[in-house]
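Just so it is clear: chains get the letters A, B, ... in the order the sequence lines come, proteins before strands, and each one is counted from 1.
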There are 2 protein chains.
Amino acid sequence: MRIGELSRASGVPVPTIKYYLREGLLHPGELTSATQARYGEDHLERLGLIRALAEGAGLPLARVRTVLEAVDRPPSSPLELLASVTEVPGEDDLDRSEAVALLQRLGWDDVDPRSSSVLALARALRSMSEAGFAVEPEHLLALGRAMGSVAEIEVAGVPLDDPAAAARYVVLGTALVGPVLLALRQVGHVHASLQRLGG
Amino acid sequence: MRIGELSRASGVPVPTIKYYLREGLLHPGELTSATQARYGEDHLERLGLIRALAEGAGLPLARVRTVLEAVDRPPSSPLELLASVTEVPGEDDLDRSEAVALLQRLGWDDVDPRSSSVLALARALRSMSEAGFAVEPEHLLALGRAMGSVAEIEVAGVPLDDPAAAARYVVLGTALVGPVLLALRQVGHVHASLQRLGG
DNA sequence: TAGATTGGATACCTGCGCTCTCCAATAGTG
DNA sequence: CACTATTGGAGAGCGCAGGTATCCAATCTA
């Protein structure tokens, strides 16, 4: 497959493919001469993946790159893998006490309070309070339990036998299932409103 | 309060406040002369709200504006309200059959299949399949049930007696609780991984 | 052999979210 | 009352992200 064909097959414009090549998101094709390269099915798949992560999951290209790198060269431990997808740099000096207290009540105290996921939680809680929006603690706890069961379902689906497949599952799942969850929640809002308020 | 004071109190630079004023995110202060205006506590609150929605929830300013408009002038029906926060324009011609089938199995068939929330779900599912990522139907169903209980908890918290408070709750909750849910899911991933794989 | 296509490099463009600059009209201060 | 700092308002500019467009010489295809 040459670049034009790849473009037609994927629906991605040639200049954009060239851009992705430059950015290292897409591996270069096999050069057959100075001005000719050959692309394969894997490039087509990869393009679909890039578009799904960027457009679908709304990840910035820099994050897409780290996700793809994690898929290509999976870190040894699953936790490292998770970190590679979710880690977002930011201020480290932030009051995590509310987050930690919540984790305590959820019985998740095996999680390192200094991990980036706890940081993300602390940040999200702070944003709420800064907006002058409060959720009752028992509601928050219930939300935590619901999301815990979501996480359990997802982790249960990880194929442990094949490390490469596991990496792919964790990385893509984390990024791509998120929007599905939020959409399900939205539909759930509509359903619950209809139930509570009547048509 | 004059603009400099508002800036100091909120931590938002004066030019940025002026920008928000120009963009209509922040209501103009009460003019006391041609070159002097007075701002109140409400402006300070509003600024916190804008920052929380923009930085915290990651909404683009255009969406922040529609959210704020919905808070200011609440649409009559709660469903309309929900739509004003979540609606994202996009292609309408999209295969919703998988989404609809899922809703059927969840028992949510009171939801209009043409609503924007179902569209969002269909889009998210398509992104997954375009990335070559599949979730087993029963897992998807379980995720749907979990998110349904999330939605139920949230809707149960809406104060029905005061329409203005209800609007505020729905609009802000939808935008601000999302990141909290995703963060809880992340922490849940870590916890579940530790449980399943051991330290 | 002529026209189209390609790899590769560079320049350019668009949208977003600010940030800077200016100005004339005040407001506060001594 | 003079004088400095601050303000409202408007316009231009800037830095980043994510592409597009242009050029070129080499090569493929007809």
Side-chain angles (χ1 to χ4, degrees), chain A residues 1-40 43-44 46-68 88-90 127 175, chain B residues 1-40 43-44 46-68 88-90 127 175:
Chain A
M1 219 178 339
R2 292 184 317 178
I3 203 172
E5 221 171 332
L6 182 59
S7 166
R8 248 165 285 126
S10 64
V12 178
V14 172
T16 302
I17 296 180
K18 287 185 172 187
Y19 172 65
Y20 289 161
L21 286 167
R22 277 203 302 280
E23 292 295 304
L25 298 176
L26 200 57
H27 296 136
E30 188 189 346
L31 273 180
T32 62
S33 81
T35 66
Q36 225 69 19
R38 199 146 298 284
Y39 303 92
H43 288 93
L44 192 53
R46 184 77 159 213
L47 262 180
L49 196 47
I50 295 171
R51 303 303 293 205
L53 289 170
E55 276 188 28
L59 299 188
L61 291 193
R63 279 278 285 295
V64 172
R65 180 170 28 240
T66 72
V67 169
L68 291 176
V88 176
S127 285
Chain B
M1 223 182 332
R2 294 185 316 178
I3 203 172
E5 221 172 330
L6 182 60
S7 166
R8 248 164 287 126
S10 63
V12 178
V14 171
T16 303
I17 296 179
K18 287 185 171 186
Y19 171 67
Y20 289 162
L21 286 167
R22 278 204 300 280
E23 292 296 304
L25 298 175
L26 200 57
H27 296 137
E30 190 190 344
L31 273 180
T32 62
S33 80
T35 66
Q36 225 69 18
R38 199 145 296 285
Y39 303 91
H43 288 93
L44 191 53
R46 184 75 159 215
L47 262 179
L49 196 47
I50 293 171
R51 303 303 292 207
L53 290 171
E55 275 187 30
L59 300 188
L61 291 191
R63 279 278 283 298
V64 172
R65 181 171 27 242
T66 71
V67 169
L68 291 176
V88 175
S127 286

Can you name the side chain to side chain contact (heavy atoms under 4.5 Å, CB included) partners of [X], sequence neighbours left out?
X	answer
B:T35	B:S33
B:S10	B:V12, B:I17, B:L44, B:L47
B:P28	none

Handout entry: Pairs touching residues 9-29 of chain B that satisfy salt bridge (charged side-chain N to carboxylate O under 4.0 Å, His left out), sequence neighbours left out
Key = B:E23-B:R65

Practice task
Give every residue pair that meets the salt bridge (charged side-chain N to carboxylate O under 4.0 Å, His left out) criterion with at least one member in residues 25-36 of chain A, sequence neighbours excluded.
Solution key: none

Can you see which heavy atom on [X] is nearest to which on [Y], and at what distance?
X	Y	value
B:S127	A:A52	O-CB, 3.4 Å
B:L68	B:R46	CB-NH2, 3.5 Å
B:A57	B:A175	CB-O, 3.4 Å

Starting at atom [atom1] of [X], determine the distance to atom [atom2] of [N], rounded to an integer number of angstrom.
X	N	atom1	atom2	answer
B:E55	C:dC18	CD	C1'	12 Å
B:I50	C:dC18	CD1	P	10 Å
A:Y39	C:dG8	OH	P	7 Å
A:L21	D:dG19	CG	P	14 Å

Exercise for the section: Please determine if a side-chain N or O atom of B:Y20 lies less than 4.0 Å away from the OP1 or OP2 oxygen of C:dC18. Expected result: yes

Problem - Under the side-chain hydrogen bond (donor to acceptor under 3.5 Å, both in side chains) test, residues paired with B:Y20 that sit two or more places apart - result: B:R51

Handout entry: Where protein sits on nucleotides 22-30 of chain C, one letter per nucleotide: B base, S sugar-phosphate only, - none, heavy atoms under 4.0 Å
Key = ---BSS---

Problem - Check against side chain to side chain contact (heavy atoms under 4.5 Å, CB included), B:R38 and B:M1 - result: CA-CA 5 Å; B:R38 199 145 296 285; B:M1 223 182 332; 5.9 Å; no

Handout entry: Residue among A:L61, A:L26, A:L25 satisfying side-chain contact (heavy atoms from CB on, under 4.5 Å) with A:Y19
Key = A:L61

With the threshold set at under 4.0 Å for non-hydrogen atoms, list the residues of [range] touching DNA chain D in residue-number order.
range	answer
residues 3-17 of chain B	B:I3, B:G4
residues 57-65 of chain A	A:P60, A:L61
residues 22-30 of chain A	A:R22

Exercise for the section: Mind checking salt bridge (charged side-chain N to carboxylate O under 4.0 Å, His left out) for A:R63 and listing every partner two or more places apart, or none if nothing turns up? Expected result: none

Exercise for the section: Please check if the side chain of B:H43 supplies one atom and the backbone of B:H27 the other of a donor-acceptor pair under 3.5 Å. Expected result: yes

